[in-house]
Amino acid sequence: MDVSHLLDNLNDNQRQAVTAPAAHRLVLAGAGSGKTSVLTRRIGWLIQVEQASVHSILAVTFTNKAAAEMRQRIEPMLGYPIGAMWVGTFHGIAHRLLRMHWEEAGLPRNFQILDSDDQKRLVRRVIQSLELDEKRWPPKLAQWYINGHKEEGRRSHHVAPPQDPQNQGLLQIYKQYEETVERLGVVDFAELLLRAHELVRDNPELQQHYQRRFQHILVDEFQDTNSLQYAWIRVLAGDRSKVFVVGDDDQSIYGWRGAKIENIQNFNRDFDGAETIRLEQNYRSTGNILNAANAVISRNSGRLGKELWTDSGDGEAIDLYAAWNEQDEAQFVVDRIKAWVETGGRRDEVAILYRSNAQSRVFEERLIAAAVPYRVYGGHRFFERQEIKDALAYLRLIENDQDDTAFERVVNLPARGIGNSSLEKLRAAGRAHSCSLWRAVAVCAENNLLAARANTALAAFVGLIASLRDACHGLPLHEQVEHVIEKSGLLTHYQNEKGDKAEARVENLKELVSAARNFDPDEDVVAERPEGMTPLAEFLSHAALEAGEQQGGQWEDCVQMMTLHSAKGLEFPLVFLVGLEEGLFPHQNSMQDAGGLEEERRLAYVGMTRSMQKLVLSHAESRRLYGKESPGIPSRFIDEVPAELMQEIRPRAQVSQPLYRPSQARGRSLEDNTAFGGIALGKMVSHAKFGDGIVMALEGSGPNARVQVNFNDVGNKWLVMQYANLTEL
DNA sequence: TCTCTTACGTTTTTT
DNA sequence: ACGTAAGAGA
């Protein structure tokens, strides 16, 4: 068989990686070194040369996008569809294992997936049911605690009993959460991985089966794996499979969510006889950009070592702009973009990269003023939108009425007279009988625990769900969705809602019907389709696992704006890396420890290496962020770029007079306002009825002057000065 | 039950 | 500064 197409246009190292004899391999692939190409051709090589069966290959990625891209590149290469090959995300593959072996995994056949928003709500309910103070144990923290333990492979019974009350509370929440999730028959993201790991680890037959089956395991973005994913790969591999991982320790930027850079650093130790192959030739950026990026990243310690190079010349200098403030910075960038377009460049060749989302606003304002179309990455994706989740909650209840998260979400949406007090009684009944809210409805009815009106309303809700379930039976998926949206009253509810968001919501609900119509389960699933899954159940899993694109349609020639994190993997001819100030980038919260700072530096490295032709760095001498104006010290990352590679557009600290003065805060000056008499912030005052208190705020003037006083007995009150008759103490 | 007020948080994001 | 979300009052 002619396999030259697998090796065309590859450099020596790439070729070595593609054709390496079977053994464990670590491919250290620098930014822009053609790693996706190597990965897909490696798979082609295994099949066409090594005669590996498609069946024997497992390819794992982090994002659906990467998985889809890999599939799309492999199929034309082989010339036939690869349905039998397992290509997917960690979560997707884990999900498939659990669907196929739900019984061994101890899950109900129709288990559903909680996304992180669902999970947070559920954690919150658990905290409330334990009567713990949400101030002291915020749901977000508890969620982080639970997922953190799961990602280290720890169930609640593995956690050593803590001595301090704070952690005791968290552990108690974790325990209760485990029980609840079990009862509801739902599974969160971390649970997918943990359960799939336990399934293969603790079940000798399955373990042997999969270890025999997957002769070749390939992993993309290996530097982003967490402990659990690493353990999972190891148990699936056993000691026969060959593991081929591709990654770049210098691009590890997800340590804060559990990724262990040590995994890539220890690969050669843990996988016997592993050999490292480096891809250092870069096909993306100019020499100047690479030299700058190399210089910055060289300050990190413990690197596996790698230096990018190119044979395509130095290119233009890197520009450095010292702006007076964030407005000036944005205007400079917009002017540069206009010049780029005027000289024939496209807008979608330009990216503005920043450390945190809050920075996008100023750029948006200036771009709008200059009538330059743009697109901001991030924000809610399709299946995460409120109205979509509402509709999905109805569908989930049809599929599984034990799902309290879905029940709570829509029991009173649209409003049907089931208020918080009735719900609280319902929850109490559920707790008392350890049953779902669905069953608690019947319990309450039998024992007359609720007001007659609430009882009727709940009975009607239960009846509604039951009738939706009946009506949907046998209908094609999209008609089920359509029916539920209409008959549940959701559509009418959003149609009647006012505001500019409402219209988009109605549109989205209709879009959900189309999504259901276009949903083709076959595309998603291999020959070993899990038996007994309804199309609806598959659709719901799909919605949770693949939240969909940010927004469709707006792709045409727009300036691209995104955080440095979301820029990973992308490339643009012209890149603006903005906000290079100490405290902002590197971010304040990451500057304390060496590890955090090194991750910030890798982020800088990622940002710089996005640029193909021209890189522009900028910082502001003064910046207004979160309502406060503060002076900015140029980021250390600027100093780490060799000066000879940079060209200063406006030399730093040359003049001290800002062009744009920071706008004066429109604070009311209190000195010239006589309405408050001698009353001022922080003073103790006395009121005839409320007693003594301290002045918290002053507002308005003349007859409208109001004062906020925190009274010792009755707390905060707003009082009109004119009538309050306060006396100073 | 709805609307208004107040408090809060605010690095990065995928599944 | 600003948006959101929970809580309080009408």
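Quick note on labels: first sequence line is chain A, next is B, and so on, each numbered from 1.
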So, does A:Asn357 get its side chain near the phosphate of B:dT12, meaning an N or O under 4.0 Å from OP1 or OP2? yes
Is there a side-chain contact between A:Arg381 and the phosphate of B:dT15, meaning an N or O under 4.0 Å from OP1 or OP2? yes
Under 4.0 Å between any heavy atoms, over every strand shown, what does A:Asp115 touch: base, sugar-phosphate, or nothing? Just pick one. nothing
Classify A:Tyr626 by what it touches in the nucleic acid, base, sugar-phosphate, or nothing, heavy-atom distance under 4.0 Å. base
Centroid under 5.5 Å and tilt under 30°, A:His587 to B:dT11: yes
Tested for salt bridge (charged side-chain N to carboxylate O under 4.0 Å, His left out) against A:Glu408, the lone hit among A:Arg396, A:Arg124, A:Arg427 is A:Arg427
Between A:Lys135 and A:Glu599, just flag the one whose closest nucleotide in DNA chain B comes earlier from the 5' side. A:Lys135
When you get a sec, tell me which of [options] is the closest nucleotide to the side chain of [X]?
| X | options | result |
| --- | --- | --- |
| A:Ser566 | B:dT13, B:dT15, B:dC2 | B:dT13 |
| A:Arg361 | B:dT13, B:dT15, C:dC2 | C:dC2 |
| A:Arg624 | C:dA1, B:dT14, B:dT12 | C:dA1 |
| A:Thr89 | B:dT11, B:dT15, B:dT13 | B:dT15 |
| A:Trp256 | B:dT15, C:dA1, B:dT12 | B:dT12 |
| A:Lys140 | C:dA6, B:dT1, B:dT10 | B:dT10 |

Salt bridge or not for A:Lys65 and A:Glu69, using N-O below 4.0 Å? no
So does A:Ser116 reach the base of B:dT14 with its side chain, donor to acceptor, closer than 3.5 Å? no
A:Arg99 side chain to A:Phe111 backbone, donor-acceptor under 3.5 Å: yes
Does the Lys NZ or Arg CZ of A:Arg125 fall within the cation-pi geometry relative to A:Tyr177 - under 6.0 Å from the ring centre and within 45° of the axis? no
